Participant: 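Below is one structure. I have some questions about it.
Just so you know, these numbers come straight off a predicted model, no measurement behind them.
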There are 2 protein chains.
Amino acid sequence: MPPETLTAERILETTEEVLRRYGPAKATVVDVARALGVSHGSVYRHFRTKAALREAVTQRWLDQAHAELSALAEDGGRPAQARLRAWLEALFAAKRRKAGGDPELFATYMALTEEHSSVVAEHVAVMVGLLTRIIRDGAAGGEFAAGDPEAAAQAVWDATVRFHDPAYAAEWFTPGIDAAFSAVNDLILRGLRA
Amino acid sequence: MPPETLTAERILETTEEVLRRYGPAKATVVDVARALGVSHGSVYRHFRTKAALREAVTQRWLDQAHAELSALAEDGGRPAQARLRAWLEALFAAKRRKAGGDPELFATYMALTEEHSSVVAEHVAVMVGLLTRIIRDGAAGGEFAAGDPEAAAQAVWDATVRFHDPAYAAEWFTPGIDAAFSAVNDLILRGLRA
DNA sequence: GCGCTGACAGATTTCAATATCTGTCAGCGC
DNA sequence: GCGCTGACAGATATTGAAATCTGTCAGCGC
């Protein structure tokens, strides 16, 4: 059906399928090439290394999350407190959805996290950037204490680590996690208030 | 030199030495027995399984931390805010000291954490209990908002996970960690205030 | 009697031989 | 010319046989 030209995009789609089927430990570049009906040399024409290929898949996957969360962060109309709470809830919900619905891709993302990949570092930077925007808005509007918004955003990120770091994914499906999450949320929001 | 009677205590001391020397992955019950100059059957006379032996070593090791932190938590004379800050700082300092000074024993503790050992669960419960005491005192004295002190203590524990969960030990020695730690501390303390 | 030993079964780990994979590149064929 | 192939070297993973370990227990010796 698709003997079309081999593009980076088509390789990424197939790599996702292969990762979903075999998991990050078993999926090989040869598997991807086989699924595409090409030699593995052709894959290396588009991605210099296997690590680069995995990073690109993760990048693509993380970018989906950015769209939704950007929208929430930029909605300047709503009070910053409500926006921050909604943002943190959306983040947790998205992560939980990914962890439960795409376990193999999520495992890939976890592996990258442990490798200190620049893609993950970039993702964290973007996320903290979105938090910074909300907190800056809140400080400008008098809702939040006017300190260093960037430092505050980093502190919020650090304090909610248990609810977005993939290392804790196993705990996201245990009873009581929602109560724990809102308790931390409340604490943080009170801490930010002017 | 010590052909004295074989006691649980003597076994634990030797197990610590063996763990320090070989690390949790390599240390075996046979190694411990050899170091003690007895057969490994004798070790099983005092500890039913290898897991029980490792748990006991970890227990002993965690108990050292309890003493210092208990004293800080119970010093009713000082303001709760200062006490909480000092407690969290002492916790972080102690963990960091253990991680750096006793890497092999720390790895054992980490392995147990991943196994969901009851010893670690118990340790966490004790720690949250100490936090609860400080927060309850603070609420009674009007320093902290009077909510559910136990839930608040759990939230504080969760929000500081990055600074006491052994999974993050590698980050405890990176530059900027102290600033991140005090930013989270400040956020939490502001959040607790009445 | 009582604590220890040491042999044992089954589970786990180690090790080395083998197979597979990653990344490169000369050259084929459109 | 240009994108793809497929053979190749070195690195990594798999496999199965051998070694070691865990946990048990009958019996030795003090």
Participant: Within the 3.5 Å criterion, strictly below it, is a donor on Lys95(A) or Tyr109(A) matched to an acceptor on the partner's side chain?
Facilitator: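 A donor-acceptor contact under 3.5 Å links the two side chains.
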Participant: In plain terms, say whether Glu17(A) and Arg21(A) are close enough for a salt bridge, that is, a side-chain N and a carboxylate O under 4.0 Å apart.
Facilitator: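 Looking at Glu17(A) and Arg21(A), the cut-off is not met.
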Participant: Are Asn185(A) and Ser182(A) close enough that a side-chain donor and a side-chain acceptor fall under 3.5 Å?
Facilitator: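 No, because no side-chain N or O of Asn185(A) sits under 3.5 Å from a partner of the opposite role on Ser182(A).
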Participant: Please test Arg60(B) against Asp63(B) for salt bridge (Lys or Arg N to Asp or Glu O under 4.0 Å), starting from the C-alpha separation and ending with a verdict.
Facilitator: CA-CA 5 Å; Arg60(B) 208 158 161 271; Asp63(B) 282 348; over 6 Å; no
Participant: Under the salt bridge (charged side-chain N to carboxylate O under 4.0 Å, His left out) rule, what pairs show up with a residue in residues 177-191 of chain A, not counting sequence neighbours?
Facilitator: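 Applying salt bridge (charged side-chain N to carboxylate O under 4.0 Å, His left out) to every pair that reaches into residues 177-191 of chain A, excluding sequence neighbours, yields Arg85(A)-Asp186(A), Arg96(A)-Asp178(A).
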Participant: Would you give a per-nucleotide map of nucleotides 13-21 of chain C, 5' to 3', where B means the base has a protein non-hydrogen atom under 4.0 Å away, S means only the sugar-phosphate does, and - means neither?
Facilitator: -S------S
Participant: Crowded around Glu150(B) CD? As in, over 12 foreign heavy atoms under 6.0 Å?
Facilitator: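 Result for CD/Glu150(B): open.
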Participant: Each nucleotide in nucleotides 2-9 of chain C should get exactly one letter: B, S or -. Can you fill that in based on protein heavy atoms under 4.0 Å?
Facilitator: --BBBB--
Participant: Should Arg83(B) and Asp75(B) count as an ion pair when the cut-off is N to O under 4.0 Å?
Facilitator: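 Here Arg83(B) does not pair with Asp75(B) in a salt bridge, since their nearest N and O are not under 4.0 Å apart.
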Participant: Name all pairs fulfilling the salt bridge (charged side-chain N to carboxylate O under 4.0 Å, His left out) condition that reach into residues 120-134 of chain A, sequence neighbours left out, sorted by first residue then second.
Facilitator: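 Sorted pair list comes back empty.
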Participant: So what does the secondary structure string of DNA chain C come out as, 5' to 3', with Watson-Crick or wobble pairs under 3.5 angstrom, [ ] for crossing and | for pairs with another strand?
Facilitator: ||||||||||||||||||||||||||||||
Participant: Could you list the residues that satisfy ring-ring contact (aromatic ring centres under 6.0 Å, His included) with Phe144(A), not counting sequence neighbours?
Facilitator: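 By the ring-ring contact (aromatic ring centres under 6.0 Å, His included) rule, Phe144(A) matches no residue at all.
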Participant: When the aromatic ring centroids of Phe181(A) and Phe92(A) are compared, is their separation below 6.0 Å?
Facilitator: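 Ring centroids of Phe181(A) and Phe92(A) are less than 6.0 Å from each other.
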